[in-house]
2 protein chains.
Amino acid sequence: MSVGIRHDDLRRRNRAMVISAVRRAGQPSRTEIAATTGLSHSTISAISADLIQEGILAESKASEPTALKRGRPQIGLALNPEAAAVLTVVLSLNFLSVAVIDYAGQVVAEEQLRLDTLVMPRDELIGECVAIVRRRLQDPDLDVGSVARIAMGIQGITDTHARAMLWSPITPLTDIPFADILEKEFGIPATTENDCNMMAVALQWRDPERYRDDFIAILLSHGIGMGLVLKGTLFTGTHSSGGEFGHMIHRPGGALCRCGRRGCVEAYAGNYAIWRSAMKMSEDAEPVDVGDADMRALAAKAREKDGPEREAYRRAGEALGFGLGNLFALIDPAPVAMVGVSAAAFDLIEPALREAIAQTAGGQHSKSISFDTEPNELPLIREGCAMRALTFVDQEIFAPGVQARSGAGKNVA
Amino acid sequence: MSVGIRHDDLRRRNRAMVISAVRRAGQPSRTEIAATTGLSHSTISAISADLIQEGILAESKASEPTALKRGRPQIGLALNPEAAAVLTVVLSLNFLSVAVIDYAGQVVAEEQLRLDTLVMPRDELIGECVAIVRRRLQDPDLDVGSVARIAMGIQGITDTHARAMLWSPITPLTDIPFADILEKEFGIPATTENDCNMMAVALQWRDPERYRDDFIAILLSHGIGMGLVLKGTLFTGTHSSGGEFGHMIHRPGGALCRCGRRGCVEAYAGNYAIWRSAMKMSEDAEPVDVGDADMRALAAKAREKDGPEREAYRRAGEALGFGLGNLFALIDPAPVAMVGVSAAAFDLIEPALREAIAQTAGGQHSKSISFDTEPNELPLIREGCAMRALTFVDQEIFAPGVQARSGAGKNVA
DNA sequence: GGCTTTTTTTCGAGCCCCAAAAAAATACTG
DNA sequence: CAGTATTTTTTTGGGGCTCGAAAAAAAGCC
């Protein structure tokens, strides 16, 4: 049951609030923080003095050309980049990428790797992940505070507690507890989360005006994935990462999906489905992986003249539209960000998509639904992982509850 | 943005916590409250002394036959029934019902009314609602603390802020701001919420073991409605009450639905749809309202022998199954409570429903999904409204924030 | 009746936040 | 250039809250 608030929780929460305000605003002055948090100046003054003393925040001397204002000038507070660091791991089809990010959110090191995820045995896949992380951690050039958190973003279904990959389209393997493996290997707390969820988190940080309380991020790629933010927080299922939008049933008993079932949205709108349809192959044809270049060529052909290619995109739009319409029936319409290769072909998809939405319960305000496109998913996923890891450090390490506060990285003050 | 915690909020929150603990547990002792809230005995002692002093709680003398235990016996704390009262209004097809409920949750007065909602003009419908509430409020027999909250449960879509009915199947009228109307008329804060959402709230209180964090309540009646609880809190859409499960598209371009669109789940599983199918009428046939008795007769015939009646229930099950499967793809499986007339025919629906779920992404663990049935929706809706109103009083009136605390009803201490 | 056990209350200490006052740092003004 | 105005930040004192420890209360046990 929900628990009472102890007296000591108060400071902890307000500390976290101040850190969060600084992370969000960049270089706010104490006065600005007081305004956004609603706490008094004295409280902010005391808390920020603590945080500076502990090396978590720093007064930013490199202030921009002073704003020529009367009165004592504001002193910007910034996150101390050396207070800590986090590490992100992004695993997607045939691709593994790792980055080290300082406490202020800047990438300080990076490594990418191609590998054949579809056929790798379990030990090898895990081994590659562990090895690439180890290389980054042991890099002697790495001159940031110790890495305090590892966040992994992975294409596939993960569990609610962000411990394991349960199922994934990028490998036949299932139930790999990546978070536990990394934690045991490096002694650093780790998480494993769904890639589309991380995309949604990233969008929230990138453009908080547009993506704040309620929005949807849809990945249009080999498969169809979704990240959903409702009432400002990331939506997850009761047991898994949830939001398996691509596997909602569009047509009962319809086209064959990569997941083995029939009639899923993905079986009409995934890259392989568009390809299959454009090539006039059977709806029962085994899904094949199509390269990004091939997809771009397909889209070009569809734009050039009417034909099976254009029809394939039309059908993809229809499936996505009915799927979105069903989703909107449950949650009401919200802004949508289309991410991934096929987002670049959204012009071909949109007309049929809007038409389909209009036929659904969620489509009453279909004209007001806004779409945004972003062809490149990788940076988004990494950014989401980074912010997830950093906010964990903010809240659980630099504003801890009962357990003793650990050393706050290198002190600068 | 999220706001810092002021020092005075502390007491307010902990007061609310204590009240909530008492409402949940019935007659807990101070020691029990300390255990569930995690606060110290001294704090609980101080807060409960305040609450008793203010007439919100009372020490229950009528303790059951003392449990023959060593040591000072525990003193049960109970809600003081006279501390306040709330009023519930339930409006559904051709039926209006009002109840007055004391602070401890007991019904103290009640009135029900048949009326022809489908054809009533706007003023008359509103007038009837206002009139029935006025009669209850002016009843001289009413001997409880002043009514502090009105909660209305209504079949149809309401807005997120629980102010208005936006659309409803029980009347052609739209956008009636019932909450504002009642507030203005009686000067008592009011809300208007979706009936299925109130069912879900009631289930949470009735059987917190079974219905706690994640579950679904589905109303099988004239139409198909849903109330959804995720992570312990009632789910609502971004703009409306949300969860328009009945209007998810089951078959694009399929059977005609009461909402005017085609292929909705309701167009296969609503009473009128089952009737239409059993009578071998066209899928385009205009929906008609079918009485409960007729539906029970239909179910009896379907049980008796195979035929169009049984097939109609089968198709209803299929539609519900695919709808639930799509929902489960988004939120993962969760226990389901089937409520309403057709829930009594769930034996006819279940086989096809389970078969359909098994074909969807959410169906991986279809065997583990549990269903419960409850043929009578009205008591549930009322109970949900009552608990909604009472918890509002608990939190906003008896544990208020900045604004001055209003008199706490009749004092008993 | 005294002892044990359990619950509840009382009391002092330590924190935390706030408001007001003071200090600091800059621009404006003549 | 000195003095004044303005704005930000720090300091100080006060009131509240929760907690732990001790005391008080209320029973059963022997």
Side-chain angles (χ1 to χ4, degrees), chain A residues 3-18 21-22 27-53 57-61 63-77 399 401-402 405 413, chain B residues 3-18 21-22 27-53 57-61 63-77 399 401-402 405 413:
Chain A
V3 93
I5 302 181
R6 331 285 301 300
H7 199 230
D8 10 341
D9 288 346
L10 240 174
R11 194 49 174 273
R12 182 196 156 277
R13 290 182 187 229
N14 286 340
R15 268 176 74 99
M17 194 77 58
V18 171
V22 176
Q27 293 203 343
S29 70
R30 291 170 176 80
T31 312
E32 285 174 61
I33 297 174
T36 61
T37 60
L39 297 171
S40 73
H41 286 202
S42 7
T43 304
I44 300 300
S45 184
I47 292 177
S48 49
D50 283 357
L51 292 172
I52 289 171
Q53 154 70 33
L57 298 186
E59 300 195 338
S60 69
K61 338 248 129 147
S63 65
E64 70 273 23
T66 41
L68 262 289
K69 264 197 322 184
R70 237 168 129 110
R72 178 172 175 173
Q74 303 189 352
I75 307 167
L77 293 177
V402 233
R405 187 169 306 142
Chain B
V3 93
I5 302 181
R6 333 285 300 297
H7 196 228
D8 6 342
D9 287 346
L10 238 174
R11 195 49 174 276
R12 183 197 156 277
R13 290 181 187 229
N14 286 340
R15 268 175 73 101
M17 193 76 58
V18 170
V22 175
Q27 291 203 345
S29 69
R30 291 169 176 79
T31 312
E32 285 175 60
I33 297 174
T36 61
T37 59
L39 298 171
S40 74
H41 286 201
S42 6
T43 304
I44 299 302
S45 185
I47 292 177
S48 49
D50 282 358
L51 292 172
I52 290 172
Q53 155 69 33
L57 297 186
E59 298 194 340
S60 70
K61 338 248 128 146
S63 65
E64 69 274 22
T66 41
L68 262 291
K69 263 196 325 184
R70 241 171 128 108
R72 178 173 175 173
Q74 302 188 354
I75 308 168
L77 293 178
V402 233
R405 187 171 304 143

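Below, chains carry the letters A, B, ... as their sequence lines are ordered, and counting in each starts from 1.
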Measuring to OP1 and OP2 of [N], would you say a side-chain N or O of [X] lies under 4.0 angstrom away?
X	N	answer
R11(B)	dG16(D)	no
N14(A)	dC16(C)	no
R70(B)	dT4(C)	no

* **DNA chain D: 5'-proximal contact among A46(A) and G71(A) (nearest heavy atom)** => G71(A)
* Closest nucleotide of DNA chain D for L10(B) versus for T31(A): which of these residues is on the 5' side? -> T31(A)
Tell me which nucleotide among [options] gets nearest to the side chain of [X].
X	options	answer
S45(A)	dC29(D), dT9(D), dA26(D)	dT9(D)
Q74(B)	dT18(D), dT8(D), dT7(C)	dT7(C)
S42(B)	dA26(D), dC11(C), dC17(C)	dC11(C)

When the distance from [atom1] of [X] to [atom2] of [N] is rounded to whole Å, what number comes out?
X	N	atom1	atom2	answer
D50(A)	dC16(C)	CG	C1'	12 Å
I47(A)	dT9(D)	CD1	C1'	15 Å
R15(B)	dT18(D)	CZ	P	11 Å
H7(B)	dG14(C)	NE2	P	16 Å
H41(B)	dG20(D)	NE2	C1'	12 Å
R30(B)	dT6(C)	CZ	C1'	14 Å
I75(B)	dT7(C)	CD1	P	11 Å
R72(B)	dC29(D)	CZ	P	18 Å

* **Distance (rounded to the nearest 0.5 Å) between L10(B) CG and H7(A) NE2** => 6.0 Å
* Side chain to side chain, R30(A) and E59(A), heavy atoms closer than 4.5 Å -> yes
* **Listed partners of R13(B) passing side-chain contact (heavy atoms from CB on, under 4.5 Å), at least two apart** => I5(A), R13(A), I5(B), D9(B)
* Structure fact -> Per side-chain contact (heavy atoms from CB on, under 4.5 Å), S48(A) is matched among I33(A), L77(A), V22(A), T43(A) by L77(A)
* For side chain to side chain contact (heavy atoms under 4.5 Å, CB included), just list the numbers for D8(A) and R11(A), CA-CA rounded to whole Å, side-chain angles, deciding distance to a tenth of an Å, and then say yes or no. => CA-CA 6 Å; D8(A) 10 341; R11(A) 194 49 174 273; over 6 Å; no
